[in-house]
Structures are given as C-alpha cells and as structure tokens.
Amino acid sequence: MDFCGIDILSVQQFERPDVERIFDVADSMEPFAQRKQVSKALDGAILGNMFFEPSTRTRVSFGCAFNMLGGHVRETAEIGTSSITKGESLYDSARVISGYSDIIVMRHPRAGSVAEFAAASRVPVISGGDGVNEHPSQALLDLYTIRKELESKRRSIDGMRIGMVGDLKHGRTVHSLSRLLKLYRGITFNLIAPQQLRMPGEIVAELREAGHEVRETENMAKGLHDNDTIYLTRIQEERFESRLEADIYRGRFRLNRAIYTRHCQPNTVIMHPLPRDTRAEANELDDDLNQHPNLAIFRQADNGVLVRMALFALVLDVAGEVQQQVHPTRWYTGRRFE
Amino acid sequence: MDFCGIDILSVQQFERPDVERIFDVADSMEPFAQRKQVSKALDGAILGNMFFEPSTRTRVSFGCAFNMLGGHVRETAEIGTSSITKGESLYDSARVISGYSDIIVMRHPRAGSVAEFAAASRVPVISGGDGVNEHPSQALLDLYTIRKELESKRRSIDGMRIGMVGDLKHGRTVHSLSRLLKLYRGITFNLIAPQQLRMPGEIVAELREAGHEVRETENMAKGLHDNDTIYLTRIQEERFESRLEADIYRGRFRLNRAIYTRHCQPNTVIMHPLPRDTRAEANELDDDLNQHPNLAIFRQADNGVLVRMALFALVLDVAGEVQQQVHPTRWYTGRRFE
Amino acid sequence: MDFCGIDILSVQQFERPDVERIFDVADSMEPFAQRKQVSKALDGAILGNMFFEPSTRTRVSFGCAFNMLGGHVRETAEIGTSSITKGESLYDSARVISGYSDIIVMRHPRAGSVAEFAAASRVPVISGGDGVNEHPSQALLDLYTIRKELESKRRSIDGMRIGMVGDLKHGRTVHSLSRLLKLYRGITFNLIAPQQLRMPGEIVAELREAGHEVRETENMAKGLHDNDTIYLTRIQEERFESRLEADIYRGRFRLNRAIYTRHCQPNTVIMHPLPRDTRAEANELDDDLNQHPNLAIFRQADNGVLVRMALFALVLDVAGEVQQQVHPTRWYTGRRFE
C-alpha cells in the first residue's frame, strides 16, 4: 500500500505488510517520543485536530505526536463550538476546514461521519473515532503494544494466544483488534464473556475462516490460564437496560493481583484500552497490579504517540526524512526514564 | 494608510488604496496557503486568539493564517472559561491579555466590545466579529473573492453588477460588503429581498450618493438575471417574531441548479458567507450546484486565510519580509490541488 | 535547591535563596517578554497545559510563557472534556498524560489533587492552582512585583510594610504571599479585615515566630496609612452564609482615588491579584485609579509571564541557555511600550 495522501478510516483497509510498515516507522519514532531528539520534518505543517466529541487523551496524543514531528496544531475540542450545530453539512465542513490545514484528525460521535467528511476533504483525514464504528489508531497501538511486549519476551504475534475479557459485544476496541490479528497466523483467541455479551458471531466466523482458533467461555478462571496477553475491557453499563442487569456481570470479570497470580501464566501481558474505571463498584483492573512488570497499560498509552507519529509521517510522506531534520533535546528529560 | 500597529475594527476605516494594498499582500500569500512554501516571518510571535463566542471556522482560519506565517497561537474558545464572566471589565481583560501576546484577534457577542477592548490593549487588535456590528475580515475576503473571480473572467470590480439575495436587513455581511464596494466606481446593486427585509435605507442612500446604481426588487427571477456575482444569505429566522412569519419568505430566495440555469447569466459567480443551512426546510443554496465551476463559496473560505495572513503581515509590519524567510514544504500536498 | 526536574506545588517548598534564584532568572526573561528577542531554548519541547477548571488568564499566561521560550503547547481547558469525569484516577491520568509532554501545568478544583497527580507523573508538574489550597506561581509573581516596585523606589523587601486588605480568611493569595514574605527579614504586616474574616491564627503565629510584626485592625483608614505596598482582595461572597452577611463588609474595604490620597502615603504601591470585580456593588478597587503610577496591578499580570518563564527554565534546566538561542524580533512591537 502506498500511504502517501491516503485517509486512515478503518483497520479493514490494511493488509499485514501495511501494518508492519506502520510498526517499523513507529519504532523509528522512539528517539523523538523519548525526548532524545527533536525532529523538524513537519516544520511549518498544520494539523487540524477536529474533535467534535470530548476526548482529552486521544486529542492530546495526536496533537503531541504532530508537535514531535515539528508541526503546528490547530484544534477544536467540542461540538458546541462548531458550525456543524447550525445545520452545516459534513461536506461543507470538510471543504472549508481542509483549506486551512495539511492533514486532519477527526473524532465525531456519529458512525460513518469521518468517512463522509474524508470524502469531501482536500487533505488526508485520520479517524480519531466515529462513535461505535471504528477507532483505528487505538487498534493499531494495541497491536503494536502486543508486538513489542511479546518481542521483549522473545515471542511473536504469529502463534500467540490472547484472552479478551468482558463486554465483547459492545467494545469497538476488541472488534478492531481482532480484525488486525486476523491478518497474522495461528492465533488462539480465548473470549471470556457472559453469554449475553459475546463477541459478534460475524467476527468469530471471520477469525475461524482465517484459520485461527476461537474458544469462548463464561468462566473467567478457565479462560485466563492459557494466554500470552489478556486484554481487559469495561462492562459498558450504559448499553444495558438497567443497572441491575449490568450488576449481574459485575465482579465476574475483574482482574487483580490475586486472580492474576492464581490463574494466569507468569509471563502474561496485561492490557486495557483505558480509561479504566477505578471506582470500587466498577474496578475491572485493580490498582494492586499498578507496579506489576507485566502491566502494559501505560506503555500502551505511550505507544499511541509512536503509532500516531508513524501515521502522520507515512500519510504526509516524510517517514524517510524524519531522521534527517533532527537536533538533540537540550532540556531536562531525566525523570521520564526513572 | 500606514497599517503598522493599527487595530482592524471596521471596514469603514479603509479607503480604496488600503483595500487594494491588503489584496496585493493577500495575493503574495498564495505560495504559503497553497503549501508550496513555509514562511518564518513571524517565527516566535504569539497570537492571542480570543473567541468569547463559539466559532470554529473563523477561529481556526485566523489561527492557521498565523501559523502559516510561522507564529504561535494561544487561544480561548468560550465565554464560559473566561474571567469576563466574573465581572471583569473589558478594560482589565485587555490590559492583562495584551501583556501575553503580539497581536490579538477577538470575537465577542456584544456590539462595540471589540473596539472597547482594543482601546485598552497594548498590542494591535483585529476584530473577529462583535455581534450584529462588524466582521471586517469577512467583508474583505468577500470582496477579495469577487476581485479574483472577476479577474479570472477578465472583468474588474469597477463597473460590476452584484445581486444580493435574501435577508438584507439583518445580515452584517451584506452591509459591510456594500460599504467596501462603495469605494469602487459604477457598481450596480441588484438587491433582492422581500419588502420587510430590505437593505437599510441608510446604506442604500450611501451607495447612491457615491454614484452607484441601486435597484431593489422582491422578484427573485427579475433580480437574478443581470449580475456578474450573486451573493446569497440565510433567512435569519431567529430575528423574526415567529417561525410562521419567517416561513412567508422561505423558498422564494433559494438558488439551485435549475433556477441558476434559467435566470442567471452563464458566467455569474455564486457566493455565500457560509455556513449555509443544508437542511431541506432552509436550503438557501442547493447542493446540486456543488460541482458548478462558478460556485465560489469554498474558494471564498480559502481566500479567508490569505486575507487574514495579509492583515497580520501588514499590522505587524512584515509584509516585505514574508518572502525572505521561506523554505519549500517537504511533505505531501498533492490532494489539495486535485 | 536544585530546580532541575522538580515539581512546583507549594510556596512552602522554597527557602529565600530559591525565591531569589527564581527572581533573578525572571529578570533575565525581560528581553523576551518585552518582545525584543525571541528565544529557542525550548524549541521542540511540549507543555501539557492541563486546566480542569476554567481559567483564561492563568492558562494563557503559562502557555505564552512556554511559547516565549520556543516550545509547543498542547492543552485542555475544561473538566467536561476529560476522562477524569469517567471515573479515571489521577494516578492513571498522570501516567498517561506525562507520556505526551516534557512538563505539565495543572489546575484542578480539588485541594491536593495536583500533588497527587505529580506523584504519578513521569515529567515535572507545576501547579496552576488546586482549589482553596495553593497557587504558587501567583504568590511568586506577587512577591516578584513587590520586589520590582520597591526597587524602583530604592527600597527592598527586607524591612518593608505591607497592608493586606479584605477577606484574609478565605483568600489563598494572601496566605501564600505571607508565607513567602516570612522568608525575609523585619516585615510589618498591617492586616485590615473584619473580625470574622481575619487572617488564620496559624499564619499570624508563623509570621510572628519568624520575627515579623503583625498588626491587625478592622479600621481601613488606620490600617492604610503606614505601608510600602497594599494588597487588596475580593470579599469572597460565595463563602458567606448569605448575601446579606457579606453586605455587612461591603464598602468598608474599597479603595478609590479619594481614599488613597487621604489615607495612604504617596509612594504606596497598589496591588490586587485580579480579576477585580468592577461592578458597582463589588468594586473593591475603583477604576479612578487606573492611570495612577502606583497602581501595579497590570505590571503584576505582566510579571506573571516572567515568573512562569523562570519556572519553566529552571525546572527544565535551560536557564543558562535561554540567552544563547536568540534572535531579534522582526515584527512591530511598538505600541506595547507607549
């Protein structure tokens, strides 16, 4: 795939070599994200960071990734400040906003809206999430994290075993991640969810058709014991008819240090797309694992910057030049590596 | 006029040579806005982009224009986040905020507020709109668009014929544009509006006194047929006593491909200040004209960046240096010119 | 104290030499804040300007200070856009956000929250205010202003007399300023407040123990007459049981030109943390003093940029390099010095 000038709207637009190209470029971004070097590859370029739905972390992550390549960021943070509320079409918005910037990241609450916007845009568009539909940079950073974590343990994605835990029916992150993993070989999926919150049958069928093994269970202990990685999700309470109904599932799909130690293999990587709800009644991933070396959730967030830098560099065709326009950081960066 | 250090608050502060100076500088900004070159003329300068009223497009347009000259942008996007809500005077706000930046763009819902703010500011202030009063950069970009569109058809502003359509009573854009056109020679104004929404008599008198021809009609078909440019506006529903009253005018002042083909001369340029309301019940300018070569509305929005760059360059006195501090863009910019 | 990499959370972490080091560095920032020179010391660095509570002026002041050192600013302006509202812990927020930037400024409505955030952050954190608790950069800029104002009158902080006026019970600015002044020698504090709004006994005791003279009075005229500086505060109406109760104090603690001329010594510097409420019923500091040469409130706001630049430069360890990476400003900066 030639990334130059394309839109990034869905994980389904990628083949395996595309994903690996993104990951290789993401690897090359480490000196910048770790603040050893400053790149000027996008000096003078402008990102239109258009978030028509609240999202501090994804918005700031994209913005910082662009800054780390030397570019400017202009942004909007809320639907309330947008002419989209005045009856303007996405077509008009896209035609206008794409005249101001070199590339656009867009988040919008309505499924399909980002693709509609991208079709009218005169500059490349990267989806920052469109409602229940897709959040491709999240899926990419999840898979990138799996790759890195397993490599550090001398394993690879091919042949890996992954446990996906929780509300697998509603979570867009596990859907997209599954579709990326499908591109690899011989994955074992341990899908741990209550009967009513199972992974959609369509995705399970796709995975099996591609030659992967899919095991489904409602039993947390059973599902946990044979994985290289477990990927936890939130019980998406707001999708249930009542809080009482959601309560049925609560507590059965928590992970804490005791459960991890008892049921998981010692090297199992722990992931979560964040934010996790750390209030006592939710608490799908307990704080008592915060210092555990296999807890990858914060490395996962860090990797988001690398993957987003890679997407910018590839789409704007500067991946080869990022290393040419550099100078060392001159300020204190010590604490980051403590 | 010496632009250096002045405030830009009203179209009425300009004579014709001033307007032409702005347009000449705007022309010189094309290589930057078209992303062929990056300028560092304002490297290190800071714009305070103070929007005390929601406005994604105007705010982002000013911000990008400043970035394209190499400057930083600090901004506020909402009245709710402002100490102005805590009883602070505009005088105090201006004294404080002008200590942080090199130039300020301000939008505020109250007419007169930007001038009051500017009087206390220690740096130049450009109005981004003050309620029903003025929005000078919009009027300038409208006239700049007319100039460019007519030039491409080997005509000029002097002697042109313009049809203004819709709610001419309430629309600040048509008022300000008329006052700029007044500075030129021999314009014919075809004002197409219902009796109750006519252009204010004061403005009509000014135009006639300056030697222009003003024709007023309620008949859309009649008004459309003899123009170089038509400028459409929204029926400003919120100014009417009732929706029913507004409904009286609705549908009589729409433009679509069939009406255009039947009533307008083949070369007539179509303009609209945007956003247009594309919902079926409003729809003053139909989507079926989106691909028409004479539809200038998106070029109009693009021109906004050029005009705003020109205002920054003139007021901060770097118009002569913009071309000196350049380097070519190094990233993908292809799709913009498809 | 070695500033390199530390958090700035409280004025109580400083000894006198630390404060003086900050002020010396702040002095060295004048050519940049006055727009004579542009520094590139933090070229490529990223500030995460995280305001989880509305604050235009403090947010923009920190952001501009960072831009003036050459850095990028990414920010959030409201709690509503934050995953903190979704049950995420400050620990998680800090771990994630500190992966995106080189330094973080954080404001949060809950006392203690910034320290909690800083403990988990992998980059240095500067408090932008945490509710009723601390706002250390405000106290530093207040004291820096006193130093500069007195120096221009050939006096010094040691031995000075300061009148603090108004609601001394609830105002965090007077508490923090007192604790900084405590580090100096022989200060006379004239605390002018109604009985019910007196400075907390704990702070008065600290000041006396450190050898300073503290005089308390309810009598405005009496308290005003013997000071080098007076520091006015707002009657914090929202802390009273009823508006009626607050009304008891209203009007007794106003300053205007007549009162100043009658009761204050001619050289007395007038300060206020801003914003002041200029509505007639509040009006603790009258507009009729706006042109008075001893009114330091806008110089105070300007000094905020210098002090914040100094904090960034010290914490990121570039104070010695700021002068090395400079070029002159090339744009119009005249009006600022009129």
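All figures in this text were calculated on a predicted structure; none of them were measured in a lab. Chain naming here is simple, since letters A, B, ... match the order of the sequence lines and numbering starts at 1 in each.
By the 4.0 Å N-to-carboxylate-O rule, B/Arg147 lies close enough to B/Asp24 to be salt-bridged with it. Under a 4.0 Å N-O distance rule, the pair B/Glu134/B/Arg179 does not qualify as a salt bridge. A salt bridge does not link B/Asp2 with B/Arg21: none of the charged nitrogens is closer than 4.0 Å to a carboxylate oxygen.
Heavy atoms of C/Gln37 lying under 4.5 Å from chain B are absent altogether. Only the side chain of C/His327 comes within contact range of chain B, with heavy atoms under 4.5 Å apart.
Screening C/Val322, C/Thr329, C/Leu69, C/Val38 against C/Phe32 for a side chain to side chain contact (heavy atoms under 4.5 Å, CB included) leaves a single residue, C/Val322.
The contact list for residues 302-311 of chain C toward chain B, using heavy atoms and a distance under 4.5 Å, reads C/Asp302, C/Val305 by residue number. Contacts from residues 39-50 of chain B to chain C, taken as heavy-atom pairs separated by less than 4.5 Å, involve B/Lys40, B/Ala41, B/Leu42, B/Asp43, B/Gly44, B/Ala45, B/Ile46, B/Met50 in sequence order.
At a threshold of 4.5 Å between non-hydrogen side-chain atoms, the residues B/Thr333 and B/Lys36 do not count as touching. Taking 4.5 Å as the limit, every side-chain heavy atom of C/Trp331 sits out of range of all side-chain heavy atoms of B/Asp317.
The aromatic rings of C/Phe66 and C/Phe312 stand perpendicular to each other, their planes meeting at an angle above 60°, with 30° marking the opposite boundary. Classification of the C/His292-C/Tyr260 ring pair by plane angle, with boundaries at 30° and 60°, yields perpendicular. Using a 30° and 60° split on the angle between ring planes, C/Phe51 and C/Phe62 fall in the tilted class, from 30° to 60°.
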key: Worked verdict on C/Arg57 versus B/Glu88 for side-chain contact (heavy atoms from CB on, under 4.5 Å)   = CA-CA 12 Å; C/Arg57 76 178 52 228; B/Glu88 181 169 66; 2.3 Å; yes
